Amino acid sequence: VEVGAGLGTLTKRILTAVPAGRLVALERDAAMHQVLATELGGCANLELWLGDAVAFDLAAVAARAGRPIIVAGNLPYQISSPMLRRLEEGWRFIRRAVFMLQREVAARLVAAAGSDDYGSLSVMLPLHYDVRLVTRVARTAFVPSPKVESAVVLLETRAEPRVPVADETALGHVVRAAFNQRRKTLRNALRAVAPVAAVETALAAAGIDGQRRGETLDLAEFARLAAALRA
């Protein structure tokens with residue numbers, strides 16, 4: 001599945017690279033979609049789809065293929081976070097994702113605990129993906145040249161979660177509560193998802209100092225804390 005096929009530059013390369021496969025190209029701009037239909041509409045292994053990629057049913061494509069799929073594309077800034085959330089939730093039917101993103105977004109995906117770029121995606125995506133920064137892309141590579149630089153990231157789905165998690169929804173609530181108010185201590189930030197007494201009990205059970213801030217916890221610590229809050 002290609003997200004944001006545009007005028008088909010990458011689309012053509014993918015079709016050449018996987019002649020025996022099937023490519024679903026998503027494009028929300030009607031004029032560009034018409035260009036794609038005119039230029040590439042005769043390709044038997046290409047399926048064009050006009051609409052919002054964030055709303056597209058990736059699971060249905062995987063079900064039709066009978067196996068996990070590959071997702072790729074140059075993601076516009078406004079849909080990068082929603083699409084990455086889709087990956088976070090859809091690891092069961094996604095084998096690999098290759099995205100070009102704004103460099104600041106790519107930096108969040110590979111950020112380590114304690115760094116300025118570390119955030120909820122830095123915690124949640126590595127649970128089911130090995131995330132790697134493939135290359136940086138200078139703004140001069142684009143015409144017209146944008147104000148920001150870009151980077152290509154590769155996400156490979158893991159055979160097993162990086163750490164055991166009984167309830168991934170609960171983990172997501174804890175992680176996002178911790179990062180929604182970064183300046184607050186965990187003790188205060190987690191009051192958004194649990195009563196004060198439950199937070200104190202969970203912090204003690206997980207062996208985590210409530211005075212710490214969310215950006216200092218790694219995935220394993222967040223998993224322990226989420227499990228303790230469920231207990």
Side-chain angles (χ1 to χ4, degrees), residues 1-19 21-29 32-33 35-36 40 45-49 52-54 56 58 61-62 65 67-113 115-159 162 219:
V1 175
E2 181 189 3
V3 178
L7 295 175
T9 303
L10 179 60
T11 313
K12 294 174 185 176
R13 296 294 186 95
I14 296 174
L15 288 169
T16 301
V18 287
R22 184 164 185 81
L23 174 62
V24 179
L26 313 180
E27 176 53 55
R28 66 177 298 175
D29 185 281
M32 289 188 179
H33 181 268
V35 171
L36 287 169
L40 301 173
N45 60 335
L46 174 65
E47 178 181 330
L48 299 176
W49 193 83
D52 186 353
V54 176
F56 185 75
L58 295 171
V61 176
R67 61 182 182 272
I69 59 175
I70 297 171
V71 185
N74 178 6
L75 298 191
Y77 182 79
Q78 64 270 24
I79 72 164
S80 58
S81 289
M83 281 303 303
L84 291 167
R85 298 290 183 207
R86 294 290 307 280
L87 257 64
E88 177 189 318
E89 299 163 356
W91 58 271
R92 291 178 181 84
F93 50 81
I94 294 172
R95 177 160 63 94
R96 177 186 304 128
V98 186
F99 289 140
M100 181 151 64
L101 305 159
Q102 282 196 14
R103 189 177 295 181
E104 63 184 60
V105 178
R108 294 178 205 156
L109 304 191
V110 296
S115 67
D116 291 341
D117 292 320
Y118 192 62
S120 60
L121 287 171
S122 316
V123 178
M124 296 300 295
L125 281 172
L127 177 62
H128 289 291
Y129 296 93
D130 291 322
V131 186
R132 181 165 64 89
L133 181 67
V134 177
T135 188
R136 295 182 176 182
V137 184
R139 64 190 70 181
T140 53
F142 301 90
V143 179
S145 179
K147 295 181 180 179
V148 298
E149 297 194 340
S150 302
V152 176
V153 294
L154 169 65
L155 300 97
E156 292 273 8
T157 307
R158 297 172 56 86
R162 194 171 300 274
L219 172 57

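Fair warning: this is a prediction, and the values are worked out from it, not measured in the lab. Computed from heavy atoms alone, side chains included, the values below leave out hydrogens, waters and symmetry copies. The first residue in the sequence is number 1, and the count goes up from there.
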Has the side chain of [X] got a donor or acceptor atom that lies under 3.5 Å from a matching backbone atom of [Y]?
X      : Y      : result
Ser115 : Ala111 : no
Ser150 : Val137 : no
Ser145 : Arg139 : yes
Arg96  : Ile70  : no
Glu156 : Asp130 : no
Tyr129 : Leu87  : yes
Arg86  : Phe56  : yes

If you measure from [atom1] on [X] to [atom2] on [Y], what distance do you get to the nearest 0.5 Å?
X     : Y     : atom1 : atom2 : value
Leu23 : Arg13 : CG    : CZ    : 14.5 Å
Asp52 : Ile79 : CG    : CD1   : 7.0 Å
Phe93 : Arg67 : CZ    : CZ    : 15.5 Å
Glu89 : Leu84 : CD    : CG    : 11.0 Å
His33 : Leu7  : NE2   : CG    : 13.0 Å
Leu36 : Leu46 : CG    : CG    : 7.5 Å

Could you pull out the closest heavy-atom pair between [X] and [Y], with the gap in Å?
X      : Y      : value
Ser80  : Leu75  : CA-CD1, 4.0 Å
Ser122 : Asp117 : OG-O, 3.8 Å
Arg92  : Pro68  : O-CG, 4.2 Å
Val18  : Asn45  : O-ND2, 3.6 Å
Leu26  : Ala53  : CD1-CB, 3.8 Å

Residues Arg22, Glu47: salt bridge by 4.0 Å N-O rule: yes
Can a salt bridge be assigned to the pair Arg108 and Glu104 using a cut-off of 4.0 Å between side-chain N and carboxylate O? yes
Between the side chains of Glu2 and Thr11, is a donor N or O closer than 3.5 angstrom to an acceptor N or O? yes
Report the C-alpha distance between Leu154 and Val131 in whole Å, list the side-chain angles of each, state the deciding distance to 0.1 Å, and finish with yes or no for side-chain contact (heavy atoms from CB on, under 4.5 Å). CA-CA 6 Å; Leu154 169 65; Val131 186; over 6 Å; no
Would Val153 and Arg132 satisfy side-chain contact (heavy atoms from CB on, under 4.5 Å), going step by step from the backbone distance to the final call? CA-CA 6 Å; Val153 294; Arg132 181 165 64 89; over 6 Å; no
What verdict does the side-chain contact (heavy atoms from CB on, under 4.5 Å) test give for Leu219 and Leu127, after you've listed the backbone C-alpha separation in whole Å, the side-chain angles of each residue and the deciding distance to 0.1 Å? CA-CA 8 Å; Leu219 172 57; Leu127 177 62; 4.2 Å; yes
Considering only heavy atoms from C-beta outward, does the side chain of [X] approach that of [Y] to under 4.5 Å?
X      : Y      : result
Leu109 : Leu101 : yes
Trp49  : Val1   : no
Leu40  : Lys12  : yes

More than 12 heavy atoms of other residues, nucleotides or ligands under 6.0 Å from CZ of Arg158: is that the case? yes
Run Val123 and Leu121 through side-chain contact (heavy atoms from CB on, under 4.5 Å) and show every step you take. CA-CA 5 Å; Val123 178; Leu121 287 171; over 6 Å; no
